[in-house]
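Beneath this line is the structure, given in structure tokens, with notes to follow.
Convention: sequence-line order gives letters A, B, ...; per-chain numbering from 1. Hydrogens, waters and symmetry mates play no part in the numbers below; they use all other heavy atoms, side chains included.
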Number of protein chains: 2
Amino acid sequence: MTAFEAEFADRLELTPEAQDLLFREARTANTFTEEPVTDEQVRAIYDLVKWGPTSMNNQPLRIVLVRSPEARGRLVEHMSGNNRAKTSIAPLVAVLAADTDFHDEFPKTFPHAPGARDLFAGDAGRREDVARLNAALQVAYFIVGVRAAGLAAGPMTGMDASAIDREFFPDGAHRTIAVVNIGHPGEQAWMARLPRLDYDEVVTTV
Amino acid sequence: MTAFEAEFADRLELTPEAQDLLFREARTANTFTEEPVTDEQVRAIYDLVKWGPTSMNNQPLRIVLVRSPEARGRLVEHMSGNNRAKTSIAPLVAVLAADTDFHDEFPKTFPHAPGARDLFAGDAGRREDVARLNAALQVAYFIVGVRAAGLAAGPMTGMDASAIDREFFPDGAHRTIAVVNIGHPGEQAWMARLPRLDYDEVVTTV
């Protein structure tokens, strides 16, 4: 970290160690050790990131942990290019999808507004847009949560998402957003870090 | 926190204090004190969350800080219902949008693949989908970053996003994803916390 960067890091309330764990030193892993990822670890991750905010508390993210060799095979077939090999060897693979029927949960998730479910019931197109946006927020929280657990995430969008929908969500109501490999980083788990856009390329003031 | 929850919290590498700051105690704020949010704070937030992963490092998020009363007025007009009052009084308001021309930055952001820009150049529909998904991931990282700075975020999607696009992004290439109020929480900044879905309602194993 340069002195310039350290000055920014000091301006945050989050400790430098946590900044490194979640963002500065965390990397997308392409290889993993054989150490397994337990259900208890995934429960701990979910118990943290479930608190991340969504629109009207709609929480559309659904997670499928692909643990059986048979299911892994069905998933790998629909991954693209290099993602096939990575998805074949990761200790744990999670399919992260948006539930377009999130509104059916509003009696539990938004109980003070009894009409909330009906606002969405007749508009499948709007539900799809809302579900995709909010599930994507939750995918990001999940990636942060994997790192919070001391694990490395390998999120991927290079895949035939519609085929994965058909394979893993036969109800037709889910949309796969990302597939995430999870584990402890293995040998040569990543390449040199890619450049980020500068503040002045991203932020303007009006 | 119950003993059951504390057991999950202990399974994470992230410290309990950081878990609280970013997720467990952090809340969406609806009121704020008058204390300003400085450009230096926003720079520190960006310098952290810019490291969050995106597909092919595409980084489509663009941020407009709405500081002038004139611009604030133009924005508030397109917010929905209760979001108008909140957006009127927040110390800082940020418009978070997806740049559908993210591929023009690939020579900088994905330099080892010279053909990356051309892969997207002819397909505006695909660029829009990719930009919306990845900007949503970055919106979530940004919300986490606001909290990391010890500030409260008030993210909103209840708005006329197309009208905000026309008002703030006349090039026609940006899609507003969320508007985020930022500041220190004020009096009665939030209501009782809304329920989250249980692990078994969200996670399945195959």
Side-chain angles (χ1 to χ4, degrees), chain A residues 5 8 11-15 18-19 21-24 26 28 40-44 46-53 55 57 59 61-68 71 105 108-110 132-133 136-137 139-141 143-144 148-150 155 157 168 177 194-197 199 202-206, chain B residues 5 8 11-15 18-19 21-24 26 28 40-44 46-53 55 57 59 61-68 71 105 108-110 132-133 136-137 139-141 143-144 148-150 155 157 168 177 194-197 199 202-206:
Chain A
E5 290 166 336
F8 285 133
R11 288 203 182 117
L12 297 174
E13 186 164 322
L14 190 70
T15 64
Q19 294 179 37
L21 180 68
L22 302 182
F23 288 103
R24 295 188 199 279
T28 292
E40 287 66 33
Q41 288 175 296
V42 181
R43 282 182 182 268
Y46 180 72
D47 188 69
L48 178 71
V49 301
K50 70 182 182 186
W51 296 117
S55 308
N57 197 37
Q59 305 171 66
L61 183 70
R62 301 294 178 267
I63 300 171
V64 178
L65 303 179
V66 181
R67 291 221 180 260
S68 73
E105 309 300 330
K108 171 171 182 172
T109 56
F110 212 59
R132 283 185 180 277
L133 166 57
L137 298 178
V139 168
Y141 303 143
I143 292 168
V144 172
T157 57
F168 289 89
I177 305 292
L194 290 169
R196 295 313 196 258
L197 296 174
Y199 181 84
V202 170
V203 183
T204 54
T205 301
V206 295
Chain B
E5 289 166 336
F8 285 133
R11 288 202 182 118
L12 298 174
E13 186 164 323
L14 190 68
T15 64
Q19 295 180 35
L21 179 69
L22 302 183
F23 288 103
R24 295 189 199 279
T28 292
E40 286 65 33
Q41 287 174 296
V42 181
R43 281 182 183 270
Y46 180 71
D47 188 69
L48 178 71
V49 301
K50 71 182 181 186
W51 296 116
S55 309
N57 196 37
Q59 307 172 63
L61 183 69
R62 301 294 178 267
I63 300 171
V64 178
L65 303 179
V66 180
R67 291 220 179 259
S68 74
E105 309 301 328
K108 171 170 183 172
T109 57
F110 212 59
R132 283 186 180 276
L133 166 58
L137 299 178
V139 168
Y141 303 142
I143 293 168
V144 172
T157 57
F168 289 89
I177 305 292
L194 290 170
R196 295 312 198 260
L197 295 174
Y199 181 85
V202 170
V203 182
T204 54
T205 300
V206 295

Considering only heavy atoms, which portion of Arg62(A) lies under 4.5 Å from any heavy atom of chain B: side chain, backbone, both, or neither?
-> both
Asp47(A) side chain reached by Tyr199(B) side chain, heavy atoms, under 4.5 Å | no
Test item: Arg11(B) side-chain N/O and Gln41(A) main-chain N/O as donor-acceptor pair under 3.5 Å = no
Which answer fits Arg132(B), side chain, backbone, both or neither, if we ask what part of it has an atom under 4.5 Å from a heavy atom of chain A?
-> neither
Short side-chain to backbone donor-acceptor contact, Glu105(B) and Leu197(A), under 3.5 Å = no
So, Gln59(A) side chain and Val202(B) main chain: donor-acceptor pair closer than 3.5 Å or not?
-> no
Distance from Ile63(A) atom CD1 to Thr204(B) atom OG1, nearest 0.5 Å?
-> 9.0 Å
Honestly, the part of Leu21(A) sitting under 4.5 Å from a heavy atom of chain B is side chain
Does some side-chain heavy atom of Leu137(B) sit less than 4.5 Å from a side-chain heavy atom of Val139(A)?
-> yes
Under 4.5 Å between any side-chain heavy atoms of Tyr141(A) and Val144(B), yes or no?
-> yes
Contacting moiety of Ile177(B), where chain A heavy atoms sit under 4.5 Å = both
State the CZ-NZ distance between Arg24(A) and Lys50(B), to the nearest 0.5 angstrom.
-> 7.5 Å
Could you tell me whether a side-chain N or O of Gln19(B) sits under 3.5 Å from a main-chain N or O of Ala148(A), the two making a donor and an acceptor?
-> no
